[in-house]
Amino acid sequence: MYVGQAGEVLRYPYRKGDTEASGEPQTLVSDLAIGGSHRTRDLAFSPNGQVMYVAVRSGSNVAECK
């Protein structure tokens, strides 16, 4: 399971049938921007699973796009 949060992306080990992580999380990314009120990070993977995309925070909930 992958968890994106303020400052980092973690991967928790799970196997089919597990009801909880089978070990400690591994830090995959440790230097994401921190700040603002947007603390979680959306994660997506490319169709081949080779690239992980991580959304970073926005400056506000309402902002003018330029």
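Numbering of residues begins at 1 and proceeds along the displayed sequence.
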**Student:** Roughly how far apart are Asp18 CG and Met1 CE, rounded to 0.5 Å?
**Tutor:** 11.0 Å
**Student:** With clusters defined by side-chain heavy atoms of hydrophobic residues (ILVMFWY) lying less than 4.5 Å apart, directly or transitively, does Tyr14 cluster with Leu10?
**Tutor:** yes
**Student:** Can you name the residues that form a ring pair (Phe, Tyr, Trp, His ring centres under 6.0 Å) with Tyr12, not counting sequence neighbours?
**Tutor:** none
**Student:** By side chain to side chain contact (heavy atoms under 4.5 Å, CB included), which residues pair with Glu24, not counting sequence neighbours?
**Tutor:** none
**Student:** Can you check whether Pro13's main-chain N or O pairs, donor with acceptor, with Ser22's side chain at less than 3.5 Å?
**Tutor:** yes
**Student:** Quick one: pull up CZ in Arg41 and CG in Leu43 and give me the separation to the nearest 0.5 Å.
**Tutor:** 10.0 Å
**Student:** Evaluate Leu32 against Val54 for side-chain contact (heavy atoms from CB on, under 4.5 Å), listing each step before the verdict.
**Tutor:** CA-CA 9 Å; Leu32 292 177; Val54 181; 3.8 Å; yes
**Student:** Any heavy-atom pair between the side chains of Glu8 and Asp31 that's under 4.5 Å?
**Tutor:** no
**Student:** How long is the straight-line distance from CZ of Arg11 back to OH of Tyr2, given to the nearest 0.5 Å?
**Tutor:** 4.5 Å
**Student:** Please list, chain by chain and in numerical order, all residues satisfying side chain to side chain contact (heavy atoms under 4.5 Å, CB included) with Asp42, sequence neighbours excluded.
**Tutor:** Ala55
